Amino acid sequence: MLQQTRVESVSPYFQRWMEHFPTIQKLADAPLQEVLGVWEGLGYYSRARNLHLAARQVMAQGVAIPSTSRELRRLPGVGRYTAGAIASIAFGENVAALDGNIRRVLARLFNVDLPARSPQGEARLWELAEKYLPEGAAGDYNQALMDLGATICTPRLPQCAVCPIKEFCQAFQLGIQEQRPVSLPKQSIPHYQVAAAVMQRGGRYLITQRLLKGLLGGLWEFPGGKQEPNETLPECLARELQEELGIQIKVGEPLNVYRHAYTHFRVTVHTFLCQWQEGTPEPQLIQVQDLVWTEPGELANYPMGKVDRQIASQLVLGIPARDTEI
DNA sequence: CAGCCGTGGGT
DNA sequence: TACCCAAGGCT
């Protein structure tokens, strides 16, 4: 949960997670749907799918959590950092754990001028993270550097005046602490116009499950997709539902518009009230994992990303129920 | 290996 | 408002 996510964000999710899945066995036995539901809102949903798989792998292999960094790394979702953190903190192994905080602390302490996220920069920082590991106290050392980075050696406005190791900090001595770590040149992110269908049929609404890989994998959504050049939003919606579900629809009145920023792009989502055309083929699983016509009161049972949860919540509050007369 | 993969809070 | 980036891993 803590991968790329702050402790303050994780904390309530962790509490709830441990109530739902108090043992590895319970997690391994749970359906993916429930796992994603408890994870909903935390983002990077492959972490939930991988943790679920890891629990099943542990139960299949002998019921015990691996206790060495080498064995931990064989679990899906556990890379060099996570394996090092667990092995050093929980099992006392003398191994490094380079996270965003330690990366920043070491880049300043040793004035690393290679971009921290470049392959060369990563290699240098891992080397530094291993070089001063105190035998028998690697866990405390790793945690101390993480906490220093989280509280004092912050990305902006680091509190160098109260830093316990400022006399050893090369960047501070040179007065360039805010220019370390060096970051890679940023790339501009695209902005897409997206259309999503609120398909109404006899008091129920159509939601579809995304394929298990990729963005929001395994989560449910109101079907639709990105607008293409020289295409209106209603045309986009009709095309997308034909492609994904093989259905012909009537696009009705526009509903709400939502804006959202993902890691690598932004979207403006335009929702439309839609109808399935009587007498035409039923929805099929063409480019979706699954589909269901659900009542508004049951939407909460289907894990969704933020935008689709907002759309669903709006439905629960109520939109005009006039499907049978159109 | 460079590009993907969410969301929230801080500035 | 817009941008940064966080207890990274996978393909």
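Here the structure is a predicted model, which means the values were calculated and not measured.
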Considering only atom C1', compute the distance from C/dC4 to B/dG6 and round it to an integer number of Å.
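These two C1' atoms come out 15 Å apart once rounded.
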Sticking with atom P, work out how far C/dA7 lies from B/dT11, rounded to a whole angstrom.
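My reading of the P atoms in C/dA7 and B/dT11 gives 14 Å.
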For DNA chain B, find the residues of residues 206-223 of chain A with a heavy-atom distance under 4.0 Å and give them by number; none if there aren't any.
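Going residue by residue through residues 206-223 of chain A, the ones with a heavy atom under 4.0 Å of DNA chain B turn out to be A/G214, A/L215, A/L216.
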Please list, in numerical order, the residues of residues 136-147 of chain A that have a heavy atom closer than 4.0 Å to any atom of DNA chain B.
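Heavy-atom cutoff 4.0 Å gives no residues at all.
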B/dG6 phosphate, OP1 or OP2: any side-chain N/O from A/H260 under 4.0 angstrom?
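A/H260 to B/dG6 OP1/OP2: no side-chain N or O under 4.0 Å.
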Restricting to ring-ring contact (aromatic ring centres under 6.0 Å, His included), what partner residues turn up for [X], sequence neighbours left out?
X: A/W17; answer: A/F21, A/W39
X: A/F168; answer: none
X: A/Y258; answer: none

Here's a test of your reading of the structure: between A/E8 and A/R73, which maps to the more 5' nucleotide of DNA chain C?
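Final value for this comparison: A/E8.
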More than 12 heavy atoms of other residues, nucleotides or ligands under 6.0 Å from CZ of A/F14: is that the case?
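For A/F14, atom CZ is not crowded (no more than 12 foreign heavy atoms under 6.0 Å).
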Got a donor-acceptor contact below 3.5 angstrom from the A/R266 side chain to the A/A261 backbone?
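Side chain of A/R266 to backbone of A/A261: no pair is present.
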Answer yes or no: is there a donor N or O on one side and an acceptor on the other, between the side chain of A/Q159 and the main chain of A/C163, under 3.5 Å?
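Looks like no, no N/O pair under 3.5 Å.
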Length of the [atom1]-[atom2] vector between [X] and [N], whole Å:
X: A/Q4; N: B/dT7; atom1: CD; atom2: C1'; result: 12 Å
X: A/M1; N: B/dT7; atom1: CE; atom2: C1'; result: 14 Å
X: A/I189; N: B/dG6; atom1: CD1; atom2: P; result: 15 Å
X: A/F265; N: B/dG6; atom1: CZ; atom2: P; result: 9 Å
X: A/R266; N: B/dC5; atom1: CZ; atom2: P; result: 16 Å
X: A/Y44; N: B/dC4; atom1: OH; atom2: P; result: 12 Å
X: A/Q120; N: B/dC1; atom1: CD; atom2: P; result: 9 Å
X: A/Y262; N: B/dC5; atom1: OH; atom2: C1'; result: 11 Å

Could you pull out all residues at least two apart from A/R70 that satisfy side-chain contact (heavy atoms from CB on, under 4.5 Å)?
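With neighbours one apart ignored, the set is A/T68.
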With a non-hydrogen cut-off below 4.0 angstrom, is A/G41 in contact with a base, only sugar-phosphate, or nothing?
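Sugar-phosphate, no base atom in range.
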At 4.0 Å (heavy atoms only), tell me whether A/A261 reaches a base, stays on the sugar-phosphate, or touches nothing.
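Counting heavy atoms under 4.0 Å across all strands, the contact made by A/A261 includes a base.
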May I ask you to check whether A/D147 and A/Q143 show a side-chain donor-acceptor distance below 3.5 Å?
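On atom types as modelled, these side chains do not qualify, holding no pair under 3.5 Å.
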Just by distance, with hydrogens left out, do A/S88 and A/N142 show a side-chain donor and acceptor under 3.5 Å apart?
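Yes, side-chain donor-acceptor contact under 3.5 Å.
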Side chains of residues 43-55 of chain A: which donor-acceptor pairs under 3.5 Å do they make with residues two or more places apart or in other chains?
| residue | atom | partner | partner atom | Å |
| --- | --- | --- | --- | --- |
| A/Y45 | OH | A/G41 | N | 3.1 |
| A/R47 | NE | A/Y44 | O | 3.3 |
| A/R47 | NH1 | A/M1 | O | 2.9 |
| A/R47 | NH1 | A/Q3 | O | 2.7 |
| A/R47 | NH1 | A/T5 | OG1 | 2.9 |
| A/R47 | NH2 | A/L42 | O | 3.1 |
| A/R47 | NH2 | A/G43 | O | 2.9 |
| A/R49 | NE | A/L212 | O | 3.1 |
| A/R49 | NH1 | A/G217 | O | 3.0 |
| A/R49 | NH2 | A/L212 | O | 3.2 |
| A/N50 | ND2 | A/S46 | O | 3.2 |
| A/H52 | NE2 | A/L27 | O | 3.4 |
| A/H52 | NE2 | A/A30 | O | 2.7 |
| A/H52 | NE2 | A/R56 | NE | 3.4 |
| A/H52 | NE2 | A/R56 | NH2 | 3.2 |

Tell me which residues in residues 99-117 of chain A put a heavy atom below 4.0 Å from DNA chain C, sorted by number, or none.
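Listed by number, they are A/D99, A/G100, A/N101, A/R104, A/R117.
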Can you list, in residue-number order, the parts of residues 79-92 of chain A that come under 4.0 Å of DNA chain C, counting heavy atoms only?
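A/G79, A/R80, A/Y81, A/T82, in order of number.
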Please tell me whether A/H264 and A/Y262 form a close aromatic pair, meaning their ring centres lie under 6.0 Å apart.
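So the answer is no for these two rings.
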For A/R180 and A/R108, work out which heavy atoms get closest and say how close.
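Shortest heavy-atom separation between A/R180 and A/R108 comes out as O-NE, 2.9 Å.
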Basic-acidic side-chain contact under 4.0 Å: [X], [Y]:
X: A/E221; Y: A/R210; answer: yes
X: A/R74; Y: A/E71; answer: yes
X: A/E240; Y: A/K226; answer: no
X: A/R239; Y: A/E235; answer: no

Would you say A/V269 and A/F222 make side-chain contact, with heavy atoms under 4.5 Å?
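Result no, sub-4.5 Å side-chain heavy-atom pair not found.
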Which sits closer to the 5' end of DNA chain B, A/M304 or A/Q187, going by the nucleotide each is nearest to?
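The residue whose closest nucleotide sits nearer the 5' end is A/Q187.
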Tell me which donor-acceptor pairs under 3.5 Å the side chains of residues 189-198 of chain A have, and how far apart each pair is, sequence neighbours excluded?
| residue | atom | partner | partner atom | Å |
| --- | --- | --- | --- | --- |
| A/H191 | NE2 | A/T268 | OG1 | 2.8 |
| A/Q193 | OE1 | A/H270 | NE2 | 2.7 |

Review item, nucleotides 9-11 of chain B N/O atoms under 3.5 Å of protein N/O:
none

5' to 3' contact window, DNA chain C with chain A (heavy-atom distance under 4.0 Å):
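Taking any atom under 4.0 Å from a heavy atom of chain A, the span is C/dC3 to C/dC10.
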So, is the end of the A/R204 side chain (NZ or CZ) under 6.0 Å from the ring centre of A/W293 and within 45° of the ring's axis?
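The answer is no, since A/R204 fails at least one limit relative to A/W293.
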